[in-house]
**Student:** 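Pasting a structure here, questions to come.
Quick note on labels: first sequence line is chain A, next is B, and so on, each numbered from 1.
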There are 2 protein chains.
Amino acid sequence: MALSARPQPRQRGLETAEKVRKAALRLFAASGYAAVSMRDIATQVGVQPGALYNHFPTKQHILKDLMLSHMADLLTAWDTADFPDGTDPIERFVRFHIRYHLERADEVFIAYMELRSLDAENFAFVEAERRRYETILTEILSEGAASGRYHIDNAKVTTRAIIAMLTGIPAWYRPGGDLSKEEIETLYLNMVRKSIAAETKNNPGNPDTGDRMA
Amino acid sequence: MALSARPQPRQRGLETAEKVRKAALRLFAASGYAAVSMRDIATQVGVQPGALYNHFPTKQHILKDLMLSHMADLLTAWDTADFPDGTDPIERFVRFHIRYHLERADEVFIAYMELRSLDAENFAFVEAERRRYETILTEILSEGAASGRYHIDNAKVTTRAIIAMLTGIPAWYRPGGDLSKEEIETLYLNMVRKSIAAETKNNPGNPDTGDRMA
DNA sequence: ACCATATTAATGAACGTTCATTCATTTAGC
DNA sequence: GCTAAATGAATGAACGTTCATTAATATGGT
């Protein structure tokens, strides 16, 4: 069988496939996967509904494309993030996480909210990627605890607590609001640092307070 | 206009309206409002779709009912929560929040995820209720900071950070998992206490670390 | 440089299905 | 027999997807 030359994409302006991704991203983030129709997406792209199927075989494939590329981007961005020498690992992680999640708010929102709209195979894959990301922080915490710089009762739980705290920021942050991104980073970094601090005058040794609710 | 006697509901077993609420709650939490059909709800209730309209005028009204009663329940539960004398306010809030959110995971999940599925009026109402709830914690933090027991840079941001941290628990907690609810409460209470502690040996005075990302 | 051809993408109409909702009628308790 | 609730069938609209056709582009031969 002879090899046939691959024809180039037409590439006038933004490719339609990319427009579809952008439109779907915005619409899914605003209204949710199930509430967005292929007609809605087509309208945003400026094309008839049938044309979408030249680029994605189903609506589900659009969602899968957005979520898988988001997870890959997140992990790649961490691997290639550049910080000044001497920046400690916690600061790196906190600043990176906040910046990435504020810059890619729609992607992050969809990756969290639409997990249940993914079919089983892709769901499992995205969850595994998320665990890889969480493990980055867990290892930072574990190493800091082993060296005595931090006091951490449970590195996995602390990981989830910190990530949940940071991931909540895009839900209320608005550009032009009271706080700049830099101020937010500083506030959260301080809270995170304190929450894992080796010792606290108010809380020497983290006494187990037990369960005293009536 | 004469007052007519209110006929009693038939009350054989669970009322249908209550069954509808329970079924919708479970289905909305599992699949999302937009992905659940009135037929799905009717099937769960064990009734024909048309029968639902004897109890709720539209699908949107079912969601509104669930969300408004959840917010009312949350605030009432806080007002009537009973703790031993001497339990400090932070401990009260952290334990209350965790317990309520683990016991009513579906309601909490829907109240967060389906805000965007509410029409404008009900959206505004739920948001206002949410702010009322957040204010409870903000005032605890502000008073503690004013008295010197806590060091807090920004009470509103700290409120959101703590609530996001705690609200993340139901996303991973599973009964019978590694940690009991009591252990989880203790872990999170310790982290919260440290994060608002007046002083930390590692972090004297919360130095502003500035912005040093490349 | 040019035409013929192969290839890609868009159209516009249609497919069958499912949606929320309505309603005349039947059923069952007071 | 009155009243509230359930049925079962129907409504029109919207859904994801398909497809024959048309338009537009790049490639290969000359």
Side-chain angles (χ1 to χ4, degrees), chain A residues 1-25 27-28 30-66 114 116-119 122, chain B residues 1-25 27-28 30-66 114 116-119 122:
Chain A
M1 200 187 302
L3 273 183
S4 60
R6 271 291 201 78
Q8 310 277 75
R10 238 171 290 189
Q11 190 74 21
R12 60 169 193 295
L14 205 59
E15 277 187 73
T16 303
E18 192 51 34
K19 283 194 191 172
V20 172
R21 265 184 285 268
K22 281 208 155 64
L25 178 71
L27 291 169
F28 289 168
S31 313
Y33 174 77
V36 172
S37 69
M38 293 298 267
R39 285 167 178 82
D40 292 335
I41 299 171
T43 300
Q44 283 293 306
V45 174
V47 97
Q48 294 298 318
L52 302 177
Y53 291 84
N54 288 321
H55 307 282
F56 296 91
T58 68
K59 183 185 170 190
Q60 172 78 205
H61 280 79
I62 303 178
L63 179 64
K64 166 189 152 181
D65 181 286
L66 291 174
E114 302 300 349
R116 63 181 174 197
S117 304
L118 274 187
D119 55 43
N122 294 316
Chain B
M1 201 185 301
L3 275 182
S4 60
R6 271 292 200 75
Q8 311 276 76
R10 238 172 288 185
Q11 191 74 21
R12 57 170 193 297
L14 206 59
E15 276 188 74
T16 303
E18 192 53 32
K19 282 195 193 169
V20 171
R21 265 184 286 267
K22 281 210 154 64
L25 177 71
L27 291 169
F28 289 168
S31 313
Y33 174 78
V36 172
S37 70
M38 292 298 268
R39 284 168 179 79
D40 293 333
I41 299 172
T43 300
Q44 284 294 308
V45 174
V47 97
Q48 294 299 316
L52 302 178
Y53 291 85
N54 289 321
H55 305 283
F56 295 91
T58 68
K59 183 184 170 191
Q60 172 78 207
H61 280 79
I62 302 178
L63 179 64
K64 166 187 152 181
D65 181 286
L66 291 175
E114 302 300 349
R116 62 183 174 193
S117 304
L118 273 187
D119 56 43
N122 294 315

**Student:** How long is the line joining NZ of Lys59(A) and C1' of dC15(D), in whole Å?
**Tutor:**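 One finds 9 Å between C1' of dC15(D) and NZ of Lys59(A), rounded.
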**Student:** Return the minimal non-hydrogen interatomic distance between Arg116(B) and Gly32(A), and the atom names on each side.
**Tutor:** NH2-CA, 3.3 Å
**Student:** Does the side chain of Thr58(A) come within less than 4.5 Å of His61(A)'s, by heavy atoms?
**Tutor:**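 Of all side-chain heavy-atom pairs linking Thr58(A) with His61(A), at least one is under 4.5 Å.
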**Student:** Can Asp40(B) and Ser37(B) be counted as having a side-chain donor-acceptor contact under 3.5 angstrom?
**Tutor:** yes
**Student:** With the threshold set at under 4.0 Å for non-hydrogen atoms, list the residues of residues 30-42 of chain B touching DNA chain C in residue-number order.
**Tutor:** Val36(B), Ser37(B), Met38(B), Arg39(B)
**Student:** If you compare all heavy atoms of Val20(A) against all heavy atoms of Val45(A), which two are closest, and at what distance to 0.1 Å?
**Tutor:** CA-CG2, 3.8 Å
**Student:** With heavy-atom distances below 4.5 Å as the criterion, would you say the side chains of Met38(B) and Ile62(B) are in contact?
**Tutor:**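 Counting from C-beta outward, Met38(B) and Ile62(B) do come under 4.5 Å.
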**Student:** Just checking, Lys59(A) and Tyr33(A): is the charged tip under 6.0 Å from the six-membered ring centre and within 45° of the axis?
**Tutor:**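 Verdict for Tyr33(A): a cation-pi partner in Lys59(A).
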**Student:** Taking 4.0 Å as the cut-off, does a side-chain nitrogen or oxygen of Thr16(B) come that near to OP1 or OP2 on dA6(D)?
**Tutor:** yes
**Student:** Could you report the tightest heavy-atom contact between Pro49(A) and Arg39(A), atom names first, then the distance?
**Tutor:** CG-CG, 3.7 Å
**Student:** Give the residues of residues 48-57 of chain B touching DNA chain D, defined as any heavy atom closer than 4.0 Å, sorted by residue number.
**Tutor:**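 The answer is Gln48(B), Gly50(B), Ala51(B), Asn54(B), His55(B).
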**Student:** Round to the nearest Å and state the distance from Glu15(B) atom CD to dG29(C) atom P.
**Tutor:**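 Taking CD of Glu15(B) and P of dG29(C), I get 15 Å after rounding.
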**Student:** Is there a donor-acceptor pair under 3.5 Å between the side chain of Gln60(B) and the backbone N or O of Asp119(B)?
**Tutor:** yes
